[in-house]
Amino acid sequence: MNLIFLGAPGAGKGTLATLLSKEYRIPQISTGDLFRAAVKEGSELGRQVRGIMEKGELVPDSLTVELVKERLSKPDARGGYILDGFPRTVAQADALAEFQKIDAVINFSISDELVIRRLSGRRVCRSCGAIYHIENMPPKVEGTCDRCGGELYIRDDDKIDSIKNRLRVYKEQTEPLIAYYRDRAVLREIDSSKSPQDSLAQIESVLE
Ligand code: AP5
Ligand code: MG
């Protein structure tokens, strides 16, 4: 199944993509994770996107589409995938439609207040990328990943100014995709304000 997870920053796309990817045995493809890996490596792409990401702006469509095309050409994506955080503009959605058929788009709905609470308490593992929250999903040992023992850190774009800018950018550039995919009859909606288990059950139910 070829799926897209659409939703505001902090809506829980990454958390749920990890859960569903295990269950359906299809890869989670997060453009944010791919860009962060490039920044960590210090590659040319990483140098180009670092400042943009820190401010919470969008990386240019051409770079993003290129990255996704390359990732989707890998063998593990042949049996389906979850696109987490892509597309984020109408131009990206049009480009994707030229070479992929999407089965369903899950829209995660959530309030701005909850987004701010979730992102202000998020911690991410530097080694394996596992996602925690200091109150909602704390690790067993503070600052340490349960899964791999790696160090937990605060993402550079999880500062309040950057969070507010990401919400603004989401509303201007990404929210129009809800109508875009509704018009194409592939949109499925979930209320992502409850627990991850509740969101998972809703996703399974809308995909049936
Ligand atoms: P990206 O990494 O995609 O960030 P984002 O869209 O802002 O989304 P987040 O990763 O912040 O949130 P999420 O929905 O995954 O939530 P999570 O599961 O972590 O993109 C980063 C940047 O890269 C962009 O700003 C842009 O610069 C660039 N970029 C990426 N894709 C691009 C594209 N297509 N085009 C252009 N530029 C692009 O959860 C958040 C927190 O809440 C965690 O702490 C988690 O533990 C907690 N939580 C999750 N679910 C629940 C729940 N149900 N109950 C309680 N707590 C929960
Ligand atoms: Mg994410």
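What you are looking at is a predicted structure, and each value in this text was computed from that prediction instead of being measured. Below, each value reflects all heavy atoms present in this structure, side chains not excepted, and no hydrogens, waters or symmetry copies. Note that ligands are numbered from 1 as they come in the structure, with each ligand's atoms numbered from 1 the same way.
Under the 4.5 Å side-chain heavy-atom criterion for ILVMFWY residues, a single connected hydrophobic cluster contains both Ile190 and Ile82. Tracing side-chain contacts under 4.5 Å through hydrophobic residues (I, L, V, M, F, W, Y), one reaches Val186 starting from Leu96; they form part of the same cluster.
Ligand 1 has Ala11 within reach: a non-hydrogen atom of the residue lies less than 4.0 Å from it. Ligand 1 lies within reach of Pro196, whose nearest heavy atom is under 4.0 Å from it. A heavy-atom separation below 4.0 Å is found between Ser195 and ligand 1. Residue Lys55 places no heavy atom under 4.0 Å from ligand 1.
The nearest protein atom to atom 49 (C) of ligand 1, hydrogens excluded, is given as Thr15 OG1, 3.4 Å; this is a heavy-atom distance. For atom 10 (O) of ligand 1, the closest non-hydrogen atom of the protein is Arg155 NH1, 3.0 Å. What sits closest to atom 15 (O) of ligand 1 on the protein, heavy atoms only, is Gly14 N, 2.9 Å. When hydrogens are left out, the protein atom nearest atom 56 (N) of ligand 1 is Asn136 ND2, 2.9 Å; that is the closest non-hydrogen contact. Nearest protein heavy-atom contact of atom 12 (O) of ligand 1 is Gly10 N, 2.8 Å. Looking from atom 16 (O) of ligand 1 to the surrounding protein, the closest heavy atom is Gly12 N, 3.2 Å. Protein heavy atom in closest approach to atom 26 (C) of ligand 1: Glu57 O, 3.3 Å. Summary of contacts: the protein heavy atom closest to atom 7 (O) of ligand 1 is Arg166 NH2, 2.8 Å.
Relative to atom 51 (C) of ligand 1, the option among Arg118, Gln173, Gln197 with the closest non-hydrogen atom is Arg118. Among Gly7, Ala17, Gly32, Gly85, the residue whose heavy atom sits closest to atom 34 (N) of ligand 1 is Gly85. Counting heavy atoms only, Ile131 comes closest to atom 43 (C) of ligand 1 of the residues Val39, Thr89, Asp157, Ile131. Closest heavy-atom approach to atom 24 (C) of ligand 1 within the set Met53, Lys13, Arg88, Met137: this belongs to Arg88. Here atom 2 (O) of ligand 1 lies nearest to Arg36 when heavy atoms of Glu135, Gln92, Arg36, His133 are compared.
By the 4.0 Å N-to-carboxylate-O rule, Arg117 lies too far from Glu113 to be salt-bridged with it. The pair Arg78-Asp76 does not meet the salt-bridge criterion, since no charged nitrogen lies less than 4.0 angstrom from a carboxylate oxygen.
Checking only distances, Arg123 never comes within under 3.5 Å of ligand 1, N or O to N or O. Checked by distance only, ligand 1 and Arg122 come closer than 3.5 Å through their nitrogen or oxygen atoms.
The hydrophobic cluster containing Ile160, built from Ile/Leu/Val/Met/Phe/Trp/Tyr side-chain heavy atoms closer than 4.5 Å, also comprises Ile110, Leu114, Val115, Ile116, Leu119, Ile163, Leu167.
Environment of CD in Glu66: sparse, with no more than 12 heavy atoms of neighbouring residues, nucleotides or ligands closer than 6.0 Å. Counting non-hydrogen atoms of other residues, nucleotides and ligands closer than 6.0 Å to CG of Asp183 gives a total above 12. Other residues, nucleotides and ligands place no more than 12 heavy atoms under 6.0 Å from the CD atom of Glu70.
Atom CZ in Arg50 sits 13.0 Å away from atom CG in Leu45 (nearest 0.5 Å).
Side-chain contact annotation: Asp191 with Ser109, donor-acceptor N/O pair under 3.5 Å absent.
Close approach of ligand 1 to Tyr132 is summarised as follows: ligand atoms under 4.0 Å from at least one heavy atom of the residue are 43 (C), 44 (O), 46 (O). The distance from ligand 1 to the heavy atoms of Lys194 drops below 4.0 Å at these ligand atoms: 52 (C), 53 (N), 54 (N).
Under the side chain to side chain donor-acceptor pair (under 3.5 Å) criterion, Asp198 pairs with Gln202, sequence neighbours left out.
No cation-pi contact links Arg123 to Tyr132, judged by a cut-off of 6.0 Å to the six-membered ring centre and 45° from its axis. Both the sub-6.0 Å distance and the 45° axial angle are satisfied by Arg184 relative to the ring of Tyr180. Lys69 forms a cation-pi arrangement with Phe99, by the criterion of a distance under 6.0 Å to the ring centre and an angle within 45° of the ring axis.
Neither the backbone nor the side chain of Tyr170 comes within 4.0 Å of ligand 1, counting heavy atoms alone. Residue contacts with ligand 1, taken as heavy atom pairs separated by less than 4.0 Å, involve Leu119 solely via side-chain atoms from C-beta onward. Contact annotation: for Val59 versus ligand 1, heavy atoms closer than 4.0 Å belong to both the backbone and the side chain.
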